[in-house]
Amino acid sequence: MRKFLVVLDDSRECLNAMRFAAMRAAKSGGGVEILAVIPPEEFNHWIGVGDIMRQEARERIEVHFEVFAKWMRDRQGIDPELVIREGEPLTEILAQVNEDPEVGVLVLGAGTENSGPGPLVTQLSKNSGTLPVPVTIVPGDLSKERLEAIT
């Protein structure tokens with residue numbers, strides 16, 4: 001089954017990327033894989049404190065994931081899969097795309113601030129020619145109605 005890979009973070013544009021991926025998966029018979037990356041700088045403490053912080057980060061991610069997963073199940077009939085990786089976000093996204101042969105499309109949300117579309121979109125755009133899958137960039141300010149019309 002072809003899966004749409006979406007990156008879970010705290011950005012506003014993440015919501016539209018999630019919606020787009022779920023709608024496209026529902027209409028094309030695909031699935032959704034949600035990737036959360038825990039950056040290494042969160043654990044630069046003593047080992048015991050770092051382990052506690054790592055566990056807390058995983059718990060936050062799982063709660064955040066469940067919000068999106070419930071919407072996907074209830075509204076789109078999609079049961080997403082959660083993958084949590086630790087490391088540099090760009091490195092881990094590329095690793096996930098390369099390691100999971102079912103990933104068919106990488107979906108990213110683009111920021112709407114004057115500073116640009118966001119660091120992941122900027123970095124992955126530079127590498128898009130060498131990626132094994134297409135990248136779909138979803139504008140962060142698209143309305144739900146427009147997303148439904150596009151998908």
Is there a donor in the side chain of E59 and an acceptor in the side chain of Q55, or the other way round, less than 3.5 Å apart?
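Yes, because at least one side-chain N or O of E59 sits under 3.5 Å from a partner of the opposite role on Q55.
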Test item: [X] and [Y] side chains (from C-beta on) under 4.5 Å apart, heavy atoms:
X    : Y    : value
E81  : V32  : no
V135 : V133 : no
L82  : L35  : no
P117 : T112 : no
P132 : N98  : yes
L5   : V107 : no
R19  : F68  : no

How long is the straight-line distance from [atom2] of [Y] back to [atom1] of [X], given to the nearest 0.5 Å?
X    : Y    : atom1 : atom2 : value
I34  : K3   : CD1   : NZ    : 11.5 Å
L94  : L106 : CG    : CG    : 8.5 Å
L120 : D9   : CG    : CG    : 6.5 Å

Tell me the closest heavy-atom pair linking N16 and G140, and the distance in Å.
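Answer, listing the atom of N16 first, then G140: ND2-O, 3.2 Å.
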Would you sort out whether E148 and K27 count as a salt bridge (Lys or Arg N to Asp or Glu O under 4.0 Å), showing the intermediate values?
CA-CA 11 Å; E148 288 173 3; K27 291 180 180 176; over 6 Å; no
Between C14 and L8, does a side chain to side chain contact (heavy atoms under 4.5 Å, CB included) hold up when you go through it step by step?
CA-CA 6 Å; C14 174; L8 175 65; 4.1 Å; yes
Does atom CZ (R73) have a neighbourhood of more than 12 heavy atoms from anything else shown, all under 6.0 Å?
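Buried by this count: over 12 neighbours within 6.0 Å.
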For residues 130-142, which residue pairs qualify under side-chain hydrogen bond (donor to acceptor under 3.5 Å, both in side chains), counting only residues two or more places apart or in two chains?
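Found none.
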What about V67 and M23, same hydrophobic cluster or not, with Ile/Leu/Val/Met/Phe/Trp/Tyr joined at side-chain heavy-atom distances under 4.5 Å?
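Result: no, two separate clusters.
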Presence of salt bridge, E102 and R2, under 4.0 angstrom:
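Salt bridge: no.
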